[in-house]
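Presented below is the structure to which this report refers.
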Amino acid sequence: MLSTSTFTTSDFDVTDFVPDITTALPTGHLRMRKTYSGDVAGRSVTQFTSAFDQGSGVGTYVAMESFEGAVGRRRGAFNFVHAASTSGSDRSHEYGLIVPGSGTGALVGIEGTVHLRIDEDGTHRMDFEHNLDVGARDTRA
């Protein structure tokens, strides 16, 4: 089943960790909060790690999210991971996965993939392709 949502971001917390190995791209860590609305509604805390050059826009990120809220009528929490690379004007090598075994409440057993989309107007969307029947009411929450 496909569940789609939009999200906004807030509360950015940049970590000043600098490794003792120098590469062509600087690495960094960031934590932020997201608010989701749509088929997937709730909040998440996202932890980013990246090798990215702000000037050229070249790099790769990996993000682990801890989500709490609802997928359709089912409430609970789960983790998901997503990653992508960019050459400055595109996205490539995209990857997204709902972490197996991470679901709680009525989201126990959720599995699937995630895909980040960015509309031309800058709206950020997350698509969750998952295994749950979200139209059914579930009382485990």
**Asked** Backbone N or O of Val58 within a donor-acceptor pair of the Asp53 side chain at under 3.5 Å?
**Response** no
**Asked** CZ of Arg75 to OG1 of Thr104: how many Å apart, nearest 0.5 Å?
**Response** 10.5 Å
**Request:** Using a 4.5 Å cut-off on heavy atoms from C-beta on, say whether the side chain of Leu116 contacts that of His124.
**Result:** yes
**Beyond-backbone contact of Thr27 with Thr49, side-chain heavy atoms, under 4.5 angstrom** = no
**Message:** Please identify which of these residues, Leu107, Val108, Val99, meets the side-chain contact (heavy atoms from CB on, under 4.5 Å) condition with Phe78.
**Reply:** Leu107
**Prompt:** Is the shortest heavy-atom distance from the side chain of Glu129 to the side chain of Met1 under 4.5 Å?
**Reply:** no
**Prompt:** So, do Tyr61 and His82 have ring centers that fall under 6.0 Å from each other?
**Reply:** yes
**Asked** Does Phe52 have any side-chain contact (heavy atoms from CB on, under 4.5 Å) partners at least two apart in sequence or in another chain, and if so, which?
**Response** Ser50, Gln54, Thr86
**Prompt:** How far apart are the closest heavy atoms of Glu65 and Ser44, and which atoms are they?
**Reply:** OE1-OG, 2.7 Å
**Asked** Does Leu132 reach the side chain of Val71, with side-chain heavy atoms less than 4.5 Å apart?
**Response** no
**Spacing of CD1 belonging to Ile98 relative to CD1 belonging to Ile110, to within rounding of 0.5 Å** = 4.0 Å
**Asked** Has Arg125 got more than 12 heavy atoms of other residues, nucleotides or ligands less than 6.0 Å from its CZ?
**Response** yes
**Item:** Phe48 side chain reached by His29 side chain, heavy atoms, under 4.5 Å
**Value:** no
**Message:** Test side-chain contact (heavy atoms from CB on, under 4.5 Å) on Lys34 and Thr8; report intermediate values, then the result.
**Reply:** CA-CA 6 Å; Lys34 291 183 181 176; Thr8 58; over 6 Å; no
**Message:** Restricting to side chain to side chain donor-acceptor pair (under 3.5 Å), what partner residues turn up for Glu94, sequence neighbours left out?
**Reply:** Arg91
**Asked** Can you check side-chain hydrogen bond (donor to acceptor under 3.5 Å, both in side chains) on Ser66 and Asn79, steps first, answer last?
**Response** CA-CA 5 Å; Ser66 298; Asn79 299 105; 3.0 Å; yes
**Message:** Could you see if Val14 belongs to whatever hydrophobic cluster contains Val45? Use Ile, Leu, Val, Met, Phe, Trp, Tyr and a side-chain cutoff under 4.5 Å.
**Reply:** no
**Asked** Rounded to the nearest 0.5 Å, how far apart are NE2 of His130 and OG of Ser3?
**Response** 3.0 Å
**Item:** Which atom of Ala63 lies closest to which atom of Thr46, heavy atoms considered
**Value:** CB-CG2, 3.9 Å
**Message:** Does Arg33 have more than 12 heavy atoms from other residues, nucleotides or ligands lying within 6.0 Å of its CZ?
**Reply:** no
**hydrophobic_cluster_shared for Met64 and Val62, side chain cutoff 4.5 Å** = yes
**Prompt:** Is the Phe80 ring parallel, tilted or perpendicular to the Tyr36 ring (thresholds 30°, 60°)?
**Reply:** perpendicular
**Message:** With a 3.5 Å distance limit and no angle check, can you tell me whether Asp119 reaches the backbone of Gly122 through a side-chain donor-acceptor pair?
**Reply:** no
**Request:** Taking the side chain as every heavy atom from C-beta outward, state whether Leu30 and Asp13 have any pair of such atoms under 4.5 Å apart.
**Result:** no
**Prompt:** Thr123 versus Arg117: any side-chain heavy-atom pair under 4.5 Å?
**Reply:** no
**Message:** Between Met126 and Thr4, is there a side-chain heavy-atom distance shorter than 4.5 Å?
**Reply:** no
**Phe128 and Phe67 aromatic ring geometry - parallel, tilted or perpendicular at 30°/60° bounds** = tilted
**Asked** Among all residues two or more places apart in sequence or in another chain, which pass the side chain to side chain donor-acceptor pair (under 3.5 Å) test with Ser85?
**Response** Thr60
**Prompt:** What distance do Ser102 atom OG and Leu97 atom CG have between them, rounded to the nearest 0.5 Å?
**Reply:** 8.5 Å
**Request:** Could you verify whether a donor N or O on one side chain and an acceptor N or O on the other, from Ser37 and Thr6, lie under 3.5 Å apart?
**Result:** yes
